Structure formats: structure tokens, C-alpha cells
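All chains are named by letter (A, B, ...) in the order of the sequence lines, taking the proteins before the strands, and each is independently numbered beginning at 1. Atom set for the values below is all heavy atoms of this structure, side chains included, hydrogens, waters and symmetry mates excluded. Treat the numbers as computed from the prediction; the structure is a model and nothing was measured.
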Number of protein chains: 2
Amino acid sequence: MWVSRRTDYATRAILTLSLEGGGPLKLEEIARRTAVPQSVLEQVMPTMRTAGVVRSERGPAGGYRLNKDPSEITLERIVRLFQGPLAPISCATRHNPEPCPMMVGCTLRDVWEEVRDATISLLGGVTFADLAKRAGGPWLDPALIAPVPNPSPTT
Amino acid sequence: MWVSRRTDYATRAILTLSLEGGGPLKLEEIARRTAVPQSVLEQVMPTMRTAGVVRSERGPAGGYRLNKDPSEITLERIVRLFQGPLAPISCATRHNPEPCPMMVGCTLRDVWEEVRDATISLLGGVTFADLAKRAGGPWLDPALIAPVPNPSPTT
DNA sequence: GAGTATCCTGACAAAGCTTGTCGACTTCTT
DNA sequence: AAGAAGTCGACAAGCTTTGTCAGGATACTC
Ligand code: FES
Ligand code: FES
């Protein structure tokens, strides 16, 4: 029932990119806006690049930009990249569920599957275009990102 | 997005007790029927006793039985006993959510809350009476519980 | 009341996972 | 050539989960 920190970071990053018009954002800039440690983003962004969600450009004036229209990126897509299966228990996964000793006629599994499906349905039904549209105001509180991402090198 | 093993065990135990008519079941017997290591059940059952879900009797002919009617025990109740908050992320818990740097106007949180609410709604809407009623056949595959709970004492 | 069956409690070690960090490298621009 | 990015893999610390155990307490039986 819990999402990993990297999943959190990734979704925030994509939302940030969705709010930005077209130009690429430097990793450092994304880190600042999302209040994510830069060193972790350095690990998260390439994963999304490999998956074809974002595109990167090197050298000065480089950075990351979306590789698709925000309306084509569902929250489910991102979550699945970093999270394992979305089922709450191993006997209720969609792809080769682990056999559980009580599988034969176990009615609990039905409920776990319902939870799984509800989750998938919600996450799959939301795109980053939706999220960006809903985000009106200044959705980042400057006061709270004072403690900078990579604070200082072992000080 | 994942439920702990102890939660799994606990729900299986309660379902087992719900299927049993009235008489108390020995911990050892529950362990066998649910294919749960007895030593772990020894830790899980008392938790549910303290919570008032089950009742125990000592001595020979002792064991555990439900302390309420199965129709009064929701799956949510049991899950909450062993699982932390049901929200998928710390900024979306119902009780004192942890402030997240992007809280101001973050539209992601809305979705996390929807997931949370959907989960709660599903788990809260199912009682063990429902689960027991739906369970018709021999819902335990004997072949699979061959590897006994507490195999043998350091042999 | 001795003996036995059962539950109770707390402490614990091993294993696994998550988190954040680092250093050395590649690619692009000027 | 120099500098500004992104890329990759390895890793240590910390946390959580999992299962185990030993000794104790209570209730029944004879
Ligand atoms: S099948 Fe795994 S808990 Fe029922
Ligand atoms: S408020 Fe926590 S992710 Fe948006």
C-alpha cells in the first residue's frame, strides 16, 4: 500500500516537465523545482529516458524534455516503471501470480484483485495533461525547498 | 502498493475462523490450515486478541475463536491492525499527512488520495461474513501445504 | 497437586529492500 | 581545447520485514 520514494520523485519530475512549455530543463533545475536530491534524479531520469518517456540533450543548453505529449503519459506508466506489480499481494498479480497455498477457492484473493484493479483503473485514467491542467497556482512553496537538494558535500 | 506478510497471514486466519462454526481452534490447527509458520502466528494472533477481534482460551481444549460475528469484522479492520496507513504516500494520509515540499497546489496528491479512498472503500465494504459465504469448496489445496509450518526443531 | 496442553511475551538475528552518494565516463557546444 | 551537461555502475548506511526462540503463565485432567 505504499509507493517508493523514487516513484514519487519521478512523477513530480514529469509533472514539472509537463508544466514547462517546450524548452529543455536541466537536471539541476528539475531537482530544484521538485525538491529532490539531484543525485537521486540522476538515477531516475535515465530510467525514464530508456523507457521513452523523456528525451535528453547533452552539452550546455541541454536538459530533459518530454518525449510525448503529456496527454499520452498516464500516471500508471510512470508508477509501473519504478514500482513492482501494482497488486497488493503476490498471489494477485496479473502476470504469473505466485501460487499461494490457499489459492484453491480463496475468496480473499478476489478482494486483493479488486483493489489492484481499482488502483490500475485510477492511475491509468489520469494523464499528465490532466494533472497539469488542474495545476493552476504556484504549486511549489518556496519556503519549503530551502533545504537544498544536495545540501553540501559532507559538511 | 503492497501488503505485509503478517497482514496476509492474519486475514487468512480470520477467514479460517469464520469458516469454522463455533468451537475454538488451536493455534497449531490454524497454522496448519492456513499454511502459516506457527511461530509467526504466535505473534499475530495475540495482536488480534488485544484488538478485540478474537478471543482465546487456554489449557487443553483451548484455542482461538472470533470475538464478534464475522459480519462485524471488515477486511479493513484487520489490514489496519498490521499495515500502517493505507495511503500510497506520506503526504496523502488521512491523519497528519507529512508535509511534502510540493504540497501547495500539487495535483498529484489528489490522485494519491483517490487511490487511498478507493482502497479504503473496498476493504471497508467487505466483511468476513461475505468472504466466508463466497467460499464454497475446499479452499485449501492439501498438496501445497506439505511443507509444514514449523518443519522440525533444528533437525 | 502433578502433569500436561495450550496460550503469551519479549527479545532477537538474518535477510532484504530502499535511499542516497560517489567517481569516472561520454557527448555536445563554443 | 575547455567546459557544461547527461550516463553508468558500484556501493554503504539505514530501515523494515521475516521468522525464530526460550521461558513464562494459565487452565484443564486425573
Ligand atoms: S490466494 Fe493468496 S491469500 Fe488467498
Ligand atoms: S504533495 Fe506530496 S507529491 Fe505532491
Rounded to the Å, how far apart are A/Leu41 CG and C/dT21 P?
12 Å

How long is the line joining CD of A/Gln83 and C1' of C/dC17, in whole Å?
12 Å

Over how many whole Å does the gap from A/Asp8 atom CG to C/dG20 atom P extend?
10 Å

Polar atoms only, N or O, under 3.5 Å: list the protein pairs with nucleotides 5-10 of chain D and their distances.
| from | atom 1 | to | atom 2 | distance (Å) |
| --- | --- | --- | --- | --- |
| D/dA5 | OP1 | A/Lys26 | NZ | 3.2 |
| D/dG6 | OP1 | A/Leu27 | N | 2.7 |
| D/dG6 | O3' | A/Ser56 | OG | 3.4 |
| D/dT7 | OP1 | A/Arg49 | NE | 3.1 |
| D/dT7 | OP1 | A/Ser56 | OG | 3.0 |
| D/dT7 | OP2 | A/Tyr64 | OH | 2.1 |

Of all heavy-atom pairs linking A/Pro97 and A/Met103, the shortest is CB-CE, 4.3 Å

What's the CZ-C1' distance between B/Arg55 and C/dC8, to the nearest Å?
17 Å

May I have the distance from A/Met1 (atom CE) to D/dT17 (atom P), rounded to whole angstrom?
13 Å

Distance in angstrom units between B/Arg5 CZ and C/dA14 C1', rounded:
16 Å

Locate the shortest heavy-atom distance separating A/Arg12 from A/Ala35; write the atom from each residue and the value.
NH1-O, 4.2 Å

Heavy atoms of A/Pro85 and A/Thr93 approach each other most closely as CB-CG2, 3.7 Å

Expressed in angstrom and rounded to an integer, what is the separation of B/Trp2 atom CH2 from D/dT18 atom C1'?
15 Å

Please determine if B/Arg65 and B/Glu57 form a salt bridge, counting it only when a charged side-chain N lies under 4.0 Å from a carboxylate O.
yes

Would you please test B/Leu41 and B/Tyr64 for side-chain contact (heavy atoms from CB on, under 4.5 Å) and show each step?
CA-CA 12 Å; B/Leu41 256 200; B/Tyr64 287 94; over 6 Å; no

NA contact type, A/Tyr9, heavy-atom cut-off 4.0 Å: base, sugar-phosphate, or nothing?
sugar-phosphate

Reported CZ-to-CG distance for the pair A/Phe128 and A/Leu66, which is rounded to 0.5 angstrom:
9.0 Å

